[in-house]
There are 2 protein chains.
Amino acid sequence: MGESGQQSASIERLKPQDKRRISDSTIHRLSLYHRLLGELESDGTKTVSSKQLAELQRLTPAQVRKDLSFFGAFGTRGLGYSVSDLRKKIAEIIGLDRRWNVAVIGVGNIGSALIGFKEFPNRGFDVKLVFDNDQRKIGSNHKGMRVSDIRNLKEDLKANQIDLVILAVPSSPAQKIVDEVVAAGVKAILSFAPTHIDVPPDVYVRSEDMSMELEYLTYALVNNPGK
Amino acid sequence: MGESGQQSASIERLKPQDKRRISDSTIHRLSLYHRLLGELESDGTKTVSSKQLAELQRLTPAQVRKDLSFFGAFGTRGLGYSVSDLRKKIAEIIGLDRRWNVAVIGVGNIGSALIGFKEFPNRGFDVKLVFDNDQRKIGSNHKGMRVSDIRNLKEDLKANQIDLVILAVPSSPAQKIVDEVVAAGVKAILSFAPTHIDVPPDVYVRSEDMSMELEYLTYALVNNPGK
DNA sequence: AACTGTATGTGAACAGTTTCACAAACCAAA
DNA sequence: TTTGGTTTGTGAAACTGTTCACATACAGTT
Ligand SMILES: NC(=O)c1ccc[n+]([C@@H]2O[C@H](COP(=O)([O-])OP(=O)(O)OC[C@H]3O[C@@H](n4cnc5c(N)ncnc54)[C@H](O)[C@@H]3O)[C@@H](O)[C@H]2O)c1
Ligand SMILES: NC(=O)c1ccc[n+]([C@@H]2O[C@H](COP(=O)([O-])OP(=O)(O)OC[C@H]3O[C@@H](n4cnc5c(N)ncnc54)[C@H](O)[C@@H]3O)[C@@H](O)[C@H]2O)c1
């Protein structure tokens, strides 16, 4: 169990103030704020109000303030928020004040795209390992990464202190691979396989199913709900 | 308000029974049920209960029944649901009883992956056009698709009756391209650019930001909420 | 035809999330 | 130091989504 977790000595981490669980939507919006604050910072904007922050994402100012209030009071009344300070605070909350070691499993269409994704390193994600079971791919170079043999999965994940696995294999082997990933002590998985993934309660999974995203749109198209 | 909406002649579409708007989560789960019912159908399963349907996705039986009840009564008391009938009904609800013409804009890492995605045609999505602005790519073949010039975007989208656009370009040109897509009459966009996209109220946008998905996981890792 | 067991469909209760509205706090100007 | 103008932080209200619990309906059996 590589409880490598909260080692980093001196950081007093920002935790939700009451013990109430923070909602998924709040976390999602924090990411949104963080992204936007980055853009504002590049623009040279020094200060921003909840009103501006909201308008730029089609949310309400109250929503923005409530989201932030779960974690503390970061603003100045009458003035707003310091762009760079708020960005740092949010980074700390969502764990972006450190770097994360990522492994990609499956070097096919989507796996290769992810390996070549320039934005990951900028956001704190370092793709350290990539795996496949195809002999023709193993050992070869894909966008600068040497493809490892899936048979060494468990040991390699441990040896490289991988925090996060991105799963880009077909549905059929997905669960079996996930079981190994879990056995290696990895606690977070982002899966692109369009199938349900079962994990123990201390492991976090996010499933991205692009067809399902498209289906959401087709539902809207055929039903035209007033939006 | 171009209420061009519900033309399609003869299909008596399954609509929500009351006029209450159906929640995003319900639609999302319908996709999930549809996917699972497909697997069950392949397995030769004829009948399924809300209990089974729920357990396979870690939901509750009541949730499954409530979701379906917004659209009608599809089950048989004492028995459950016919796998194939229910699948057909859900297909009709989310618009999977027809085919959809898709265009991909941006033939880079993620764009190429999408073009090569074998599952899209099986789910009713036909990639008919792909665009780029890179002279070296225009006219060339990418996974069997000829790359079109972005300068012909509007005309080509119209001429090919594209229903749905997948946006796989960098953030900077995203909004400008979306404006053109909207002008061409397309009402649904799936965007991979990590930036806010603004559209008129009758156009539907879904934004997929992979870094944000990862950030959701890092939040979980640093906060370890009991799950 | 009646009976038994089972699973649906759905109001009503509950839980969670968003919006409202306003006191409190701060900046800047005088 | 006081005042005016502005925006935060937050309880409470309003709303939305989920779970409960049970009457209802059907299949299969005798
Ligand atoms: N291509 C897309 O745009 C796209 C979009 C959304 C979701 N997906 C999903 O992502 C997954 C991968 O899709 P893809 O298009 O990249 O497929 P792909 O066939 O191009 O790639 C899959 C890769 O996984 C490898 N693989 C297969 N079994 C393996 C195993 N047991 N261990 C290790 N590696 C193994 C294969 O060798 C291959 O390199 C699928 O589940 C697919 O449904 C793909
Ligand atoms: N690669 C990934 O895994 C990944 C994952 C998530 C999100 N994204 C996002 O998807 C988008 C594309 O990423 P990528 O890695 O494929 O980038 P990329 O640079 O490989 O591809 C972008 C493509 O868009 C084309 N393009 C640029 N400007 C254009 C314009 N004005 N009109 C038409 N085409 C134009 C480029 O020529 C290029 O082919 C980015 O917004 C990125 O943030 C990528």
Side-chain angles (χ1 to χ4, degrees), chain A residues 14 16-30 32-33 37 40 45-83 85-86 89-90 93 216 219 225-227, chain B residues 14-33 37 40 45-83 85-87 89-90 93 216 225-227:
Chain A
L14 288 171
Q17 311 218 296
D18 54 38
K19 50 236 72 195
R20 269 224 333 86
R21 199 180 162 282
I22 305 297
S23 79
D24 287 11
S25 352
T26 291
I27 303 307
H28 192 255
R29 283 190 301 266
L30 286 179
L32 234 38
Y33 306 150
L37 287 164
L40 291 173
T45 312
K46 293 288 174 234
T47 274
V48 70
S49 68
S50 60
K51 184 144 171 284
Q52 297 172 282
L53 226 29
E55 271 165 10
L56 292 164
Q57 309 279 339
R58 294 241 175 136
L59 303 169
T60 69
Q63 180 86 84
V64 173
R65 294 200 302 274
K66 178 64 86 177
D67 284 338
L68 296 174
S69 79
F70 291 128
F71 299 92
F74 307 128
T76 307
R77 296 176 186 214
L79 198 67
Y81 304 89
S82 147
V83 169
D85 286 1
L86 183 58
K89 292 289 186 194
I90 296 179
I93 293 166
Y216 187 91
Y219 170 81
K227 204 181 197 192
Chain B
L14 288 170
K15 288 248 165 118
Q17 310 216 299
D18 54 37
K19 51 235 73 195
R20 265 223 336 85
R21 199 182 164 279
I22 304 298
S23 79
D24 286 13
S25 353
T26 292
I27 303 307
H28 192 253
R29 284 191 300 266
L30 286 179
S31 277
L32 232 38
Y33 305 149
L37 288 164
L40 291 173
T45 312
K46 293 288 177 232
T47 274
V48 70
S49 68
S50 59
K51 183 143 173 284
Q52 297 172 281
L53 226 29
E55 271 166 7
L56 292 164
Q57 310 278 333
R58 294 243 176 132
L59 302 169
T60 69
Q63 179 84 84
V64 173
R65 296 202 299 278
K66 179 64 86 178
D67 284 339
L68 296 174
S69 78
F70 292 128
F71 299 92
F74 308 128
T76 307
R77 294 175 187 216
L79 197 66
Y81 303 88
S82 149
V83 170
D85 286 2
L86 183 58
R87 188 166 141 93
K89 292 289 186 194
I90 296 179
I93 293 165
Y216 187 91
K227 205 182 197 187

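Numbers restart at 1 for each chain; the letters A, B, ... are given by sequence-line order, proteins then strands.
Considering every non-hydrogen atom in both B/Thr60 and B/Ala54, the closest pair reads C-CB, 3.4 Å. What you find for A/Tyr81 and A/Arg65 is that their closest heavy atoms are OH-CG, 3.7 Å. Nearest heavy-atom pair across A/Phe71 and A/Leu30 is CE1-CD1, 3.6 Å. Closest approach of A/Phe74 to A/Leu68, counting heavy atoms only: CE1-O, 3.8 Å.
The distance between atom CG of A/Leu59 and atom P of C/dC20, rounded to the nearest whole Å, is 14 Å. Separating the CZ atom of B/Arg58 from the P atom of D/dT18 is a distance of 18 Å, rounded to the nearest angstrom. When the P atom of D/dT19 is taken as reference, atom NZ of B/Lys51 falls 16 Å away, rounded to whole Å. Atom CG of A/Leu68 is separated from atom P of D/dG9 by 7 Å (rounded to the nearest Å). Note: CZ (B/Phe74) to C1' (D/dC26) measures 18 Å, nearest angstrom. If you take CZ of A/Phe70 and C1' of D/dT8, they are 15 Å apart, rounded to a whole angstrom. A straight line from CG of B/Leu53 to C1' of C/dA7 spans 13 Å, rounded to a whole angstrom. Rounded to whole angstrom, the span from the NE2 atom of A/His28 across to the P atom of C/dG16 amounts to 21 Å.
Residue contacts for A/Lys66: at a heavy-atom cut-off of 4.0 Å it reaches a base atom on one of the strands shown. Here A/Thr26 lies out of heavy-atom contact (under 4.0 Å) with every strand.
For a distance-only test at 3.5 Å, the side chain of B/Arg77 qualifies as a donor-acceptor partner of the base of C/dT8.
An OP1 or OP2 oxygen of D/dT19 is reached within less than 4.0 angstrom by a side-chain nitrogen or oxygen of B/Thr60. Between A/Gln63 and C/dT19 there is a side-chain N or O to OP1 or OP2 distance below 4.0 Å. Dashed line: the shortest gap from a side-chain N or O of A/Arg29 to OP1 or OP2 of C/dT17 is not under 4.0 Å. A close approach under 4.0 Å does not occur between any side-chain nitrogen or oxygen of B/Thr76 and OP1 or OP2 of C/dT8. A close approach under 4.0 Å does occur between a side-chain nitrogen or oxygen of B/Arg65 and OP1 or OP2 of C/dT8.
The side chain of A/Ser49 approaches D/dT7 more closely than any other nucleotide in the set D/dG9, D/dT7, C/dG9. Comparing D/dT8, C/dG9, C/dT18 by their nearest atom to the side chain of B/Tyr81 picks out C/dG9.
Each of B/Leu40, B/Leu56, B/Leu79 was checked for a side-chain contact (heavy atoms from CB on, under 4.5 Å) with B/Val48, and the lone residue meeting it is B/Leu40.
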